[in-house]
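Everything quoted here is computed from the prediction, not taken from an experiment. Starting from 1, each residue takes its place in the sequence as its number.
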Amino acid sequence: GSETVIADYKVAYVVPANLSILTSAIGVFVAPYFTKYEKDVSWVCKNFKRLLMLTISIMGISCVICFLLAEPLILLLYGNEYLSAVPIMRLLLVASFMNNGIRASIANVLSAMGIQKINLSIAALGIIIQISLDLLLVPMLHGIGIAMSSVFTYGVMSLLLFMFFKRKYGRTIKA
């Protein structure tokens, strides 16, 4: 109900949300290859591992830089009155890493190979988790509560998608 909390969250959300363009660009580039070679399990596993390492690296570096520069970024873009958004932004950067660095890459590969049902099921579960945690945490923690529930939700979704991929292709994936 507080306009300040809403404004802080909106400010904190901008940079983490826009980092998704990195994963989207990579996904658009690699999806046709996964579609073309979806029957070649060895190719899929080898290149899935490369893709995941690439997106984890790119998103990890981007999120760490933004995490470390959160205060100057908010000062530059919005001014002193929005510095209270820094802790929310930092949590949302962790959520963005999980969502864009891990979950989105796996979901893109599965979709490219015609396995959309698992994405839909896990997305539906994610909605339920996010709303439930928001209802629980927002009254107590406000914007930080939403960010915390996003970190948890994207973490669970990433883990479930990875476990599904590993179960389906696990015999050929080595660490």
Side-chain angles (χ1 to χ4, degrees), residues 12-70 73 88-134 136-137 145-175:
Y13 184 76
V14 171
V15 171
N18 283 296
L19 288 176
S20 68
I21 195 164
L22 300 171
T23 303
S24 296
I26 294 168
V28 166
F29 178 76
V30 301
Y33 294 101
F34 279 93
T35 301
K36 182 178 179 179
Y37 295 106
E38 69 183 279
K39 304 255 188 269
D40 184 347
V41 173
S42 176
W43 186 95
V44 167
C45 290
K46 179 177 80 171
N47 288 289
F48 170 76
K49 210 164 132 181
R50 285 181 178 168
L51 172 64
L52 201 54
M53 289 296 105
L54 177 67
T55 57
I56 285 172
S57 298
I58 289 172
M59 287 305 299
I61 291 166
S62 300
C63 288
V64 166
I65 289 169
C66 291
F67 188 95
L68 295 173
L69 297 176
L73 276 171
I88 300 168
M89 181 179 169
R90 286 183 169 147
L91 276 173
L92 289 173
L93 284 162
V94 174
S96 180
F97 171 76
M98 290 183 189
N99 184 39
N100 298 305
I102 303 169
R103 189 209 59 81
S105 296
I106 301 168
N108 286 339
V109 167
L110 293 173
S111 290
M113 298 188 316
I115 307 171
Q116 292 91 356
K117 287 182 184 176
I118 191 69
N119 286 335
L120 181 61
S121 299
I122 290 175
L125 178 63
I127 291 168
I128 292 167
I129 293 170
Q130 182 78 42
I131 291 171
S132 300
L133 287 175
D134 285 350
L136 180 70
L137 296 175
I146 298 170
M148 289 172 68
S149 68
S150 295
V151 169
F152 183 80
T153 300
Y154 288 127
V156 167
M157 292 171 69
S158 297
L159 181 63
L160 291 173
L161 281 170
F162 185 78
M163 287 172 35
F164 173 83
F165 191 93
K166 183 124 168 109
R167 193 176 86 226
K168 185 162 180 69
Y169 297 100
R171 59 187 160 79
T172 57
I173 296 179
K174 302 289 185 248

Residues two or more places apart in sequence or in another chain: which of them pass side-chain hydrogen bond (donor to acceptor under 3.5 Å, both in side chains) with Asn119?
-> Ser111
Tightest non-hydrogen contact, residues Leu52 and Gly101, listed as CD1-O, 4.0 Å
Please list, chain by chain and in numerical order, all residues satisfying side-chain hydrogen bond (donor to acceptor under 3.5 Å, both in side chains) with Ser62, sequence neighbours excluded.
-> none
Might you point out which heavy atoms bring Asn18 and Val14 nearest each other, and give the distance in Å?
-> ND2-O, 2.7 Å
side-chain contact (heavy atoms from CB on, under 4.5 Å) assessment of Phe97 paired with Leu93 | CA-CA 6 Å; Phe97 171 76; Leu93 284 162; over 6 Å; no
Would you please name every residue forming a side-chain hydrogen bond (donor to acceptor under 3.5 Å, both in side chains) with Thr23, sequence neighbours left out?
-> none
Closest heavy-atom pair, Ile102 versus Ser158, reported as atoms and distance to 0.1 Å, is CG2-CB, 3.6 Å
Separation between CD1 of Ile131 and OG of Ser149, rounded to the nearest 0.5 Å | 10.0 Å
Do the rings of Trp43 and Phe34 sit parallel, tilted or perpendicular, given the 30° and 60° boundaries?
-> perpendicular
For Ala70 and Met89, the nearest pair of non-hydrogen atoms, with its separation, is CB-SD, 4.1 Å
Can you see which heavy atom on Leu161 is nearest to which on Arg103, and at what distance?
-> CD1-CG, 3.4 Å
Donor-acceptor contact present, side-chain Ser96 to main-chain Leu92, <3.5 Å = no
